[in-house]
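First comes the structure, then the notes that go with it.
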Protein chains: 2
Amino acid sequence: MSRLLQKCADVGLKMTEQRKVILKVLEESDDHPSVETLCERAKQVDASVSIATVYRTLGLLDNLGLVIKHDFGGSTARFEIKSEHDHDHHHHLIDTETGDIIEFQDDKLEELIHAIAERLGYEVVDHTFELFGHKKKP
Amino acid sequence: MSRLLQKCADVGLKMTEQRKVILKVLEESDDHPSVETLCERAKQVDASVSIATVYRTLGLLDNLGLVIKHDFGGSTARFEIKSEHDHDHHHHLIDTETGDIIEFQDDKLEELIHAIAERLGYEVVDHTFELFGHKKKP
DNA sequence: GTATGTGCAAAGACTTTGCTTTGGA
DNA sequence: TCCAAAGCAAAGTCTTTGCACATAC
């Protein structure tokens with residue numbers, strides 16, 4: 001049983017056919033799909049999946065902290081599975097010419113966030129950090 | 001004549017009563033108002049201002065690079081005037097308990113962004129960086 | 001005078017929700 | 001069996017747009 005599925009079952013959610021498909025599709029996506037993309041992919045496995053269920057399922061996963069909901073500047077939300085491991089934490093560079101999303105990690109950034117919060121007397125519970133740009137031409 | 005007004009006139013925009021009011025209200029706002037908030041404030045000066053015009057005006061200002069359009073996680077866009085001076089560049093900490101927006105600046109962050117982009121072979125044209133948190137309790 | 005801009009209301013895009021039926025435990 | 005969950009379509013929220021009228025230049 002997959003991790004996501006296990007976690008959902010643990011909370012007492014019914015594992016319906018549709019949910020299983022949505023979770024599977026999400027786990028197999030290494031991009032950052034939108035609700036619509038996810039729904040399309042799910043429909044190819046089980047045509048009965050509706051967009052409403054995808055929205056509801058992602059809402060659940062978001063509440064459970066199992067996915068990260070992104071807003072990369074487009075009009076629709078984009079999702080990715082939240083890793084179990086804190087050190088897998090990464091950020092995104094969005095290629096404004098191709099739409100590609102490049103993931104990267106930077107320890108200094110995490111330090112910096114802590115330092116800034118400390119300075120301001122705040123406890124940070126979340127943050128956004130995204131770069132938008134294009135490949136450097138030689 | 002205010003800076004925004006001047007810039008708009010320079011591009012050949014007609015300075016209608018409504019636009020003048022919207023620009024004035026925007027310049028007098030030191031928070032990060034939403035379209036709706038801006039419209040309410042404008043209506044108090046000139047009741048004829050409609051939300052459609054506020055949207056259109058902000059769209060123009062955004063295209064001209066005179067305002068920054070933020071998405072602080074809520075459902076609506078929030079705006080602020082873009083400073084003339086590069087060194088006024090700042091970021092935001094959103095207090096998740098009060099909704100307050102605290103502005104801060106950090107030179108190391110700017111360096112870091114450059115370093116990351118360099119590493120990835122990209123030219124960064126924009127970025128987002130927001131912290132979400134709450135006051136640290138003693 | 002004429003091209004631009006405005007208000008209004010309708011349409012769009014994305015997301016949520018009410019209701020009836022379905023199906024997992 | 002029985003309550004959670006699904007599908008469908010309607011409603012909601014924010015934003016954009018078509019059109020007729022108004023107005024800055």
Side-chain angles (χ1 to χ4, degrees), chain A residues 1 4-26 32-40 42-64 66-67 69-79, chain B residues 1-2 4-26 32-40 42-64 66-79:
Chain A
M1 188 185 280
L4 239 48
L5 216 136
Q6 182 66 61
K7 290 248 187 189
C8 289
D10 286 353
V11 203
L13 294 179
K14 283 191 188 174
M15 292 321 297
T16 63
E17 194 51 39
Q18 292 90 335
R19 273 192 190 153
K20 282 191 224 163
V21 172
I22 294 168
L23 296 191
K24 183 174 190 302
V25 163
L26 188 55
H32 303 73
S34 66
V35 169
E36 193 165 336
T37 303
L38 231 26
C39 190
E40 279 163 16
K43 270 189 206 292
Q44 293 182 7
V45 183
D46 177 348
S48 83
V49 174
S50 77
I51 191 106
T53 298
V54 180
Y55 270 110
R56 280 193 268 236
T57 302
L58 286 172
L60 283 171
L61 295 176
D62 194 20
N63 285 337
L64 292 171
L66 298 176
V67 296
K69 187 176 180 174
H70 291 290
D71 174 4
F72 290 140
S75 47
T76 73
R78 308 281 298 270
F79 294 84
Chain B
M1 187 185 280
S2 82
L4 240 48
L5 216 135
Q6 183 65 62
K7 290 248 185 188
C8 288
D10 287 353
V11 203
L13 293 179
K14 284 190 188 174
M15 291 322 296
T16 63
E17 194 52 37
Q18 292 90 334
R19 275 191 189 154
K20 282 191 223 162
V21 172
I22 294 168
L23 296 191
K24 184 174 189 301
V25 163
L26 188 55
H32 303 73
S34 65
V35 169
E36 193 165 339
T37 303
L38 231 27
C39 189
E40 280 163 15
K43 270 187 206 292
Q44 293 181 7
V45 183
D46 178 349
S48 84
V49 173
S50 77
I51 191 105
T53 299
V54 180
Y55 270 109
R56 281 192 270 233
T57 302
L58 286 172
L60 283 171
L61 296 176
D62 194 20
N63 284 338
L64 292 172
L66 297 175
V67 296
I68 304 173
K69 187 176 182 177
H70 290 291
D71 174 4
F72 290 141
S75 47
T76 72
R78 309 282 297 270
F79 294 84

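Order of the sequence lines fixes the chain letters, A, B, ..., with proteins taken first and strands second; residue numbering starts at 1 for each chain. Below, each value reflects all heavy atoms present in this structure, side chains not excepted, and no hydrogens, waters or symmetry copies.
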Determine yes or no for a side-chain-to-main-chain donor-acceptor pair under 3.5 angstrom, with B/R19 supplying the side chain and B/T57 the backbone. no

Does the side chain of B/E17 reach to within under 4.5 Å of the side chain of B/D46, using non-hydrogen atoms? yes

In whole angstrom, what separates B/L23's CG from C/dG5's C1'? 14 Å

Whole angstrom is fine here: how far is it from CG in A/D71 over to P in C/dA13? 18 Å

Validation: residues 69-76 of chain B side-chain donor-acceptor distances under 3.5 Å, sequence neighbours left out:
unit_1, atom_1, unit_2, atom_2, d
B/H70, NE2, B/E80, OE2, 2.6
B/D71, OD1, B/G73, N, 3.0

Would you kindly give the CG-to-P distance between B/D46 and C/dG5, to the nearest whole Å? 17 Å

Across nucleotides 15-25 of chain C, 5' to 3', mark each nucleotide with B, S or - according to how protein heavy atoms within less than 4.0 Å reach it. BBBB----BBS

Please tell me which of A/K43 and A/G12 maps to the more 5' nucleotide of DNA chain D, matching each residue to the nucleotide holding its nearest heavy atom. A/G12

Between CG of A/L58 and P of D/dA6 the distance, given in whole Å, is 12 Å

Please confirm whether the backbone N or O of A/V49 pairs with a side-chain atom of A/T53, one donor and one acceptor, at under 3.5 Å? no

How far apart are the closest heavy atoms of A/K43 and A/S50, and which atoms are they? NZ-CA, 4.3 Å

Please determine whether the number of non-hydrogen atoms from other residues, nucleotides or ligands lying under 6.0 Å from atom NZ of B/K24 exceeds 12. no

For the pair made of CZ in B/R19 and C1' in D/dT23, what is the distance, rounded to whole Å? 12 Å

